[in-house]
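What follows is a short report on a single structure.
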Amino acid sequence: MRLNISLKLYRDIPMNIIFLTLVQINSIEERGIYQDLLRKFRDEGHDVTIVTPVERRRGIPTNFSEKERVSVLQVKTFNIQKTNIIEKGIGTLALEFQYLSAVKKYCSHKKFDLVLYSTPPITLGKVIEYIKKRDHAKSYLLLKDIFPQNAVDMNMLKKDGFLHKQFVKKERKLYQLSDTIGCMSQANVDFVLKHNPEVSKSKIEVNPNTIEPVVFSYSNEQKKKIREKYQIPTDKKVLVYGGNLGKPQGLDFLLETINATKIEQAFFLIVGNGTEFPRIQNWFIQEKPANAKLLQQLPKEDYDQLLAACDVGLIFLDKNFLIPNFPSRLLSYLEMKMPVIAATDPNTDIGDIIENAYCGYKVISGNQIEMQTKLNKLFTKDNLHELGNNAEILLKKEYLVGKSFNLIIEKI
């Protein structure tokens with residue numbers, strides 16, 4: 001009872017919150033795990049300031065705007081997405097100084113109660129330290145990526161090399177600066193504590209990816225028209241992979257699965273963009289699979305409509321990961337009441353969570369025999385509708401935005 005009263009009192013006190021991110025956020029009315037959370041803070045009466053990058057290719061100078069308790073500080077940066085490795089590296093290191101300079105210039109009139117930030121990047125320590133010292137603010141890290149270990153797992157960074165050691169120092173500094181570290185799952189909590197013994201258990205907790213769900217109620221006829229629009233079979237069960245198409249996703253196993261699957265009902269749909277898209281596109285041109293289709297990334301609204309017309313959600317992760325990734329695309333599938341198959345490394349617990357909720361299956365990435373067993377089980381023994389209902393139950397139980405909001409409020 002005391003906790004509930006305390007939380008109510010804190011909710012009733014307007015606070016100033018600054019959010020530091022690499023995600024390009026133009027409006028919190030958009031849908032996304034960060035936009036949904038920030039919108040929740042705004043709707044509960046708090047003032048929100050978002051510090052977000054605007055890459056130099058867009059030709060927009062650093063600027064600051066305010067509207068209805070939401071401020072957006074767009075900081076001109078180097079190109080840090082979809083660019084060469086040299087500019088990406090320089091741009092990531094320069095972020096700290098660019099953000100700090102912009103905050104000093106445009107936010108001197110604001111005193112912040114909370115500095116909220118997510119990984120990536122891990123290179124904003126000086127900004128966080130400045131705000132904490134200036135405003136005596138609390139700090140909360142939303143740990144969405146464990147870097148630099150993920151880069152080592154993908155052979156993008158040499159373990160114990162010079163760059164690796166420098167990034168490890170920045171990672172430890174970030175953890176030290178954070179009053180609370182919110183991890184996506186228990187496996188992430190365990191990993192951080194195991195590899196960072198200096199981090200106190202008392203400052204780390206599970207704060208998962210969360211959303212404010214939207215109901216998509218399409219009739220069978222509407223779903224048929226959506227499929228026809230994209231030339232997708234209307235008489236098949238569509239297994240969809242949507243999202244980033246990069247090396248971390250281990251997409252070779254997805255292509256192998258398409259080749260190996262002989263279930264007549266099954267049709268695979270890949271929707272997205274990323275560094276691996278050209279290679280996947282070439283594979284489709286050469287192989288011409290009759291049971292699959294590739295589409296480039298769609299606008300969010302179009303993608304949601306297409307997703308609502310599919311039957312099963314797919315998650316793929318590279319089998320070599322040591323860090324326990326937890327892809328946010330899971331929430332999109334749960335939102336659509338879709339069963340999920342997760343093909344991952346053995347270190348993440350996303351597959352266990354799916355199976356324990358009886359809304360899908362886990363597979364160890366690279367094990368095609370196991371994949372075909374689970375696919376056959378999905379199509380021959382299980383009721384997709386029942387699994388989909390369980391998916392919705394899991395979403396409402398664990399991944400609604402109010403959960404993240406309450407966890408953060410408790411710590412202030």
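Not measured: the values here are computed from a predicted model. Note that the numbering runs from 1 along the sequence shown for the chain.
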Quick one: does any side-chain atom of Gln296 pair with a main-chain N or O of Asn273 as donor and acceptor, under 3.5 Å?
no

Hey, mind stepping through Phe267 and Lys237 against side-chain contact (heavy atoms from CB on, under 4.5 Å) and telling me if it holds? CA-CA 6 Å; Phe267 187 87; Lys237 298 296 184 183; over 6 Å; no

**Study point:** Salt bridge present between Arg42 and Glu68 (N-O < 4.0 angstrom)
**Key:** no

With side chain to side chain donor-acceptor pair (under 3.5 Å) as the test, would you mind laying out the steps for Arg329 and Gln249 before giving the verdict? CA-CA 12 Å; Arg329 67 176 55 85; Gln249 283 66 51; 5.6 Å; no

For Glu30 and Asp36, the nearest pair of non-hydrogen atoms, with its separation, is O-OD1, 4.0 Å

Distance col, row Ser118:OG vs Leu141:CG, nearest 0.5 angstrom, shows 8.0 Å

Let me check something: any side-chain donor-acceptor pairs from residues 72-80 under 3.5 Å, sequence neighbours excluded? List them with distances.
| residue | atom | partner | partner atom | Å |
| --- | --- | --- | --- | --- |
| Gln74 | OE1 | Asn63 | ND2 | 3.0 |
| Gln74 | NE2 | Asn26 | OD1 | 3.4 |
| Asn79 | OD1 | Arg57 | N | 3.1 |

Sequence neighbours excluded, the answer for side-chain contact (heavy atoms from CB on, under 4.5 Å) partners of Ser185 is Ala187, Asn188, Phe326, Asp349

Here the ring-ring contact (aromatic ring centres under 6.0 Å, His included) pairs for residues 173-219, sequence neighbours left out, are Phe191-His195

OG1 of Thr344 to CD1 of Ile354, rounded to nearest 0.5 Å, is 8.5 Å

Quiz question: by atom type and distance under 3.5 Å, do the side chains of Asn406 and Glu410 form a donor-acceptor pair? no

CD1 of Ile408 to CG of Leu114, rounded to nearest 0.5 Å, is 7.0 Å

Smallest heavy-atom separation, Ala342 atom then Gly351 atom, equals CB-CA, 4.4 Å

*Near Lys293 NZ, under 6.0 Å, is it more than 12 heavy atoms from other residues, nucleotides or ligands?*
yes

Contacts of His385 meeting ring pair (Phe, Tyr, Trp, His ring centres under 6.0 Å) (sequence neighbours excluded), chain-then-number -> none

Taken in chain and number order and not counting sequence neighbours, the residues that satisfy side-chain contact (heavy atoms from CB on, under 4.5 Å) with Ala309 are Lys223, Ile226, Arg227

Exercise. Just by modelled atom types, is the Val238 backbone N or O under 3.5 Å from a matching donor or acceptor in the Asp311 side chain?
Worked result: yes

Residues passing the side-chain contact (heavy atoms from CB on, under 4.5 Å) test with Glu392, sequence neighbours excluded, are Lys337, Lys396

Across all chains, not counting sequence neighbours, the ring pair (Phe, Tyr, Trp, His ring centres under 6.0 Å) partners of Phe112 are none

Are Glu29 and Gln35 close enough, and set up right, to give a side-chain contact (heavy atoms from CB on, under 4.5 Å), and what steps lead you there? CA-CA 7 Å; Glu29 303 308 325; Gln35 292 92 330; over 6 Å; no

Cys107 and Thr49 have their tightest heavy-atom pair at SG-CG2, 4.2 Å

### Asn390 (side chain) donor-acceptor with Tyr358 (main chain) under 3.5 angstrom
yes

- [ ] Report yes or no: do Thr119 and Asp145 form a side-chain donor-acceptor pair below 3.5 Å?
- [x] no

For Glu171 and Ile146: C-alpha separation, side-chain torsions, deciding distance, then whether side-chain contact (heavy atoms from CB on, under 4.5 Å) applies. CA-CA 9 Å; Glu171 178 190 28; Ile146 298 177; 3.9 Å; yes

With sequence neighbours left out, the residues meeting side chain to side chain donor-acceptor pair (under 3.5 Å) with Lys144 are Asn209

Tightest non-hydrogen contact, residues Leu387 and Cys359, listed as O-CB, 3.5 Å

To the nearest 0.5 Å, atom CD1 of Ile280 lies from atom OG1 of Thr275 at 8.5 Å

* Answer with yes or no whether the side chains of Lys110 and Ser71 bring together a donor and an acceptor at under 3.5 Å. => yes

Closest heavy-atom pair, Leu116 versus Leu37, reported as atoms and distance to 0.1 Å, is CD2-CD2, 4.3 Å

d(Lys40 NZ, His46 NE2) to nearest 0.5 Å is 9.5 Å

Is the distance from the ring center of Phe41 to that of Phe405 below 6.0 Å? yes

Has Lys104 got its NZ or CZ under 6.0 Å from the middle of the six-membered ring of Tyr130, at an angle within 45 degrees of the ring axis? yes

For Asp135, does its backbone N or O pair with a side-chain atom of Lys111 as donor and acceptor, under 3.5 Å?
yes

Sorted by chain and number, sequence neighbours left out, side chain to side chain donor-acceptor pair (under 3.5 Å) with Asp318 holds for Asn320

Kindly say whether Leu177 contributes a backbone atom to a donor-acceptor pair with the side chain of Lys132 at under 3.5 angstrom? yes

Under 3.5 Å, side chain of Ser101 to main-chain N/O of Phe97, donor-acceptor pair present? no

**Report entry** Whether Tyr99 side chain and Thr21 backbone form a donor-acceptor pair below 3.5 Å
**Finding:** yes

Is it the case that over 12 heavy atoms from other parts of the model lie below 6.0 angstrom from the NZ atom of Lys225?
no

Look only at the side chain of Asn347 and the backbone of Ile323, and say whether a donor-acceptor pair between them is shorter than 3.5 Å. no

- Side chain Glu96, main chain Gly125, donor-acceptor under 3.5 Å: yes

Smallest heavy-atom separation, Ala137 atom then Val115 atom, equals CB-N, 4.5 Å

By ring pair (Phe, Tyr, Trp, His ring centres under 6.0 Å), Phe19 pairs with (sequence neighbours left out) Tyr34

Ring pair (Phe, Tyr, Trp, His ring centres under 6.0 Å) filter on Phe167, not counting sequence neighbours, yields Phe147

Side-chain donor-acceptor distances from residues 301-308 under 3.5 Å, at least two apart:
| residue | atom | partner | partner atom | Å |
| --- | --- | --- | --- | --- |
| Asp304 | OD1 | Lys300 | NZ | 3.4 |
| Asp304 | OD2 | Arg31 | NH1 | 2.7 |

| message | Surrounding CD of Gln231 (heavy atoms of other residues, nucleotides or ligands, distance under 6.0 Å), is the total greater than 12? | response | no

